[in-house]
Enquirer: 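Got a structure for you, written out below as structure tokens; questions coming shortly.
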Number of protein chains: 2
Amino acid sequence: MTADALMASLERAGHRVTTPRRVVAQLVADREGHFTAGDLVDDARRRHTGIGRATAFRTLELFTELGLVERVDLPSGSHAYVACEPVHHHHAICTSCGRALDVAEAGLGPALDGIARRLDFQITSHRLEVFGVCAACRRGATR
Amino acid sequence: MTADALMASLERAGHRVTTPRRVVAQLVADREGHFTAGDLVDDARRRHTGIGRATAFRTLELFTELGLVERVDLPSGSHAYVACEPVHHHHAICTSCGRALDVAEAGLGPALDGIARRLDFQITSHRLEVFGVCAACRRGATR
DNA sequence: ATGTTATTGATACTGTGTCTCATATGAACG
DNA sequence: CGTTCATATGAGACACAGTATCAATAACAT
């Protein structure tokens with residue numbers, strides 16, 4: 001996901017294309033794996049962009065609304081974001097390098113149907129998060 | 001899950017049985033559905049127990065470690081807890097009344113295997129959260 | 001009863017995320 | 001191009017969650 005692609009989606013949705021937003025888009029695009037809002041704020045300061053805290057949070061929220069970035073809740077309880085394609089899917093998060101792989105729906109349907117039936121529960125949404133170690137990290141390349 | 005059961009597990013694990021912990025256990029037992037740490041602190045103050053903020057957090061953390069209570073991440077991003085049995089399972093959270101139903105493993109295995117194979121990813125843990133409306137709420141009893 | 005040790009509560013502190021508001025800026029229009 | 005005006009920005013204040021410190025206290029084995 002490039003910064004340009006992010007900005008294009010933003011414009012398509014009727015939002016203004018501004019310099020601060022372009023900067024945040026670039027920071028997101030430059031990130032590997034997941035990151036917190038705080039990480040982005042730090043990046044912004046380190047690179048001497050004049051991006052304010054509030055703007056970083058707001059832009060991230062905007063990207064999330066547009067589905068360009070998704071929030072994942074790490075086992076530690078902190079909130080992280082990952083850039084991803086705007087279709088329904090889940091994430092496999094590598095606990096070693098922090099990268100998030102997209103996981104397609106993957107036969108969860110029957111399991112969900114079973115749950116709905118057994119519990120007489122009307123499912124409106126669900127979230128699956130898988131944690132583990134990716135192939136690259138297993139081969140020893142921990143970065 | 002009664003307050004006594006909570007305290008019994010606590011004692012079995014070699015922790016001291018103290019009055020503040022008993023109070024927190026009672027607060028947890030009296031709760032329906034999910035609640036945040038802040039909710040418990042408020043309960044404690046409202047009932048004029050002399051429980052300090054730190055103790056409420058600490059006790060909740062302790063219960064979580066022992067698996068007597070489990071943390072769930074709500075779609076809103078806030079952290080909530082639910083009392084539950086200490087075996088691996090997932091939760092179906094009713095967005096209307098806030099109650100959490102326990103969901104047994106439910107045929108997730110094949111789906112996870114598929115993910116592991118396709119992505120060449122070694123899964124160490126996973127979390128499934130299902131949101132929707134429970135049977136009672138669908139019938140109109142919103143509390 | 002008593003001594004040891006875990007636990008407690010007050011308080012201070014670190015972070016995270018939101019809100020406000022005066023100022024600045026994009027883009028549509030002339 | 002310049003003007004206009006809604007939108008977006010940044011600084012700072014704020015609200016809240018969670019953690020750390022530490023002297024005082026209470027559990028429990030003896």
Side-chain angles (χ1 to χ4, degrees), chain A residues 3-4 6-28 34-66 69-81, chain B residues 6-28 34-66 69-81:
Chain A
D4 285 348
L6 291 170
M7 295 314 283
S9 297
L10 212 164
E11 184 164 25
R12 220 176 306 122
H15 294 276
R16 286 193 183 168
V17 174
T18 69
T19 306
R21 280 175 181 169
R22 228 187 305 266
V23 172
V24 173
Q26 189 61 58
L27 292 176
V28 169
H34 56 70
F35 53 89
T36 65
D39 290 337
L40 268 208
V41 173
D42 291 345
D43 285 357
R45 198 191 323 276
R46 207 173 307 117
R47 297 200 196 174
H48 303 97
T49 70
I51 305 302
R53 236 171 88 72
T55 301
F57 275 89
R58 280 189 288 232
T59 306
L60 219 35
E61 184 187 7
L62 190 55
F63 286 167
T64 305
E65 272 169 25
L66 299 177
V69 143
E70 198 160 309
R71 209 169 70 192
V72 297
D73 299 302
L74 303 182
S76 70
S78 53
H79 299 147
Y81 296 84
Chain B
L6 290 170
M7 294 314 284
S9 297
L10 212 163
E11 185 164 26
R12 220 176 305 124
H15 294 278
R16 287 192 183 169
V17 173
T18 69
T19 305
R21 281 175 179 167
R22 227 188 306 266
V23 172
V24 174
Q26 189 60 58
L27 293 176
V28 169
H34 56 73
F35 53 89
T36 66
D39 290 339
L40 269 207
V41 173
D42 290 346
D43 286 357
R45 196 191 325 276
R46 205 171 311 114
R47 296 200 197 174
H48 302 98
T49 70
I51 306 302
R53 233 171 94 70
T55 301
F57 275 89
R58 281 188 289 234
T59 307
L60 219 35
E61 183 188 6
L62 189 55
F63 286 167
T64 304
E65 271 168 27
L66 299 178
V69 142
E70 197 160 311
R71 209 168 71 191
V72 297
D73 300 301
L74 303 182
S76 71
S78 53
H79 299 147
Y81 297 84

Enquirer: What's the CD-C1' distance between B:Glu11 and D:dA29, to the nearest Å?
Expert: 13 Å

Enquirer: Taking salt bridge (Lys or Arg N to Asp or Glu O under 4.0 Å) as the definition, give me every residue that meets it alongside B:Arg47, ordered by chain and number, with sequence neighbours left out.
Expert: B:Asp30

Enquirer: Both B:Ala37 and A:Leu62 contact DNA chain D. Which one's nearest nucleotide lies toward the 5' end?
Expert: A:Leu62

Enquirer: Okay, side chain of B:His34, backbone of B:Val72: is any donor-acceptor separation there less than 3.5 Å?
Expert: no

Enquirer: Under the 3.5 Å rule, do the base of C:dG9 and the side chain of B:Arg58 count as making a donor-acceptor pair?
Expert: yes

Enquirer: In whole angstrom, what separates B:Tyr81's OH from D:dG18's C1'?
Expert: 9 Å

Enquirer: So, is B:Thr18 close to the C:dT8 phosphate, meaning a side-chain N or O under 4.0 Å from OP1 or OP2?
Expert: yes

Enquirer: Please report the shortest heavy-atom distance between A:Pro20 and A:Thr55, naming the atom on each side.
Expert: CB-CG2, 4.0 Å

Enquirer: How many Å lie between CZ on B:Arg45 and P on D:dC16, as a whole number?
Expert: 12 Å

Enquirer: A:Arg53 CZ to D:dA13 P: how many Å, rounded?
Expert: 13 Å

Enquirer: Taking atom P of D:dG12 as reference, at what distance in whole Å does atom CD1 of A:Ile51 sit?
Expert: 16 Å

Enquirer: Does a side-chain N or O of B:Thr55 approach OP1 or OP2 of C:dG9 to a distance below 4.0 Å, or not?
Expert: yes

Enquirer: Heavy atoms only, 4.0 Å cut-off, all strands: where does A:Gly77 land among base, sugar-phosphate and nothing?
Expert: nothing

Enquirer: Where the side chain of A:Arg21 meets the backbone of A:Arg16, is there a donor-acceptor pair that is under 3.5 Å apart?
Expert: yes

Enquirer: Whole-Å distance between C:dG15 P and B:His79 NE2?
Expert: 17 Å

Enquirer: Any heavy-atom pair between the side chains of A:Tyr81 and A:Leu40 that's under 4.5 Å?
Expert: no

Enquirer: Please check if the side chain of A:Asp42 supplies one atom and the backbone of A:Asp39 the other of a donor-acceptor pair under 3.5 Å.
Expert: no

Enquirer: Between B:Glu61 (CD) and C:dA6 (P), how many Å, whole number?
Expert: 16 Å

Enquirer: Which protein N or O atoms sit under 3.5 Å from an N or O of nucleotides 5-7 of chain D?
Expert:
| from | atom 1 | to | atom 2 | distance (Å) |
| --- | --- | --- | --- | --- |
| D:dA6 | N3 | A:Arg16 | NH2 | 3.0 |
| D:dT7 | O4' | A:Arg16 | NH2 | 3.2 |
| D:dT7 | O2 | A:Arg16 | NH1 | 3.1 |

Enquirer: Below the 4.0 Å mark, does D:dA26 have OP1 or OP2 next to a side-chain nitrogen or oxygen of B:Thr19?
Expert: no

Enquirer: At what distance, to the nearest 0.5 angstrom, does CZ of A:Arg71 lie from OG1 of A:Thr36?
Expert: 12.0 Å

Enquirer: Between C1' on D:dA17 and CZ on B:Phe57, what's the gap in Å once rounded to a whole number?
Expert: 6 Å

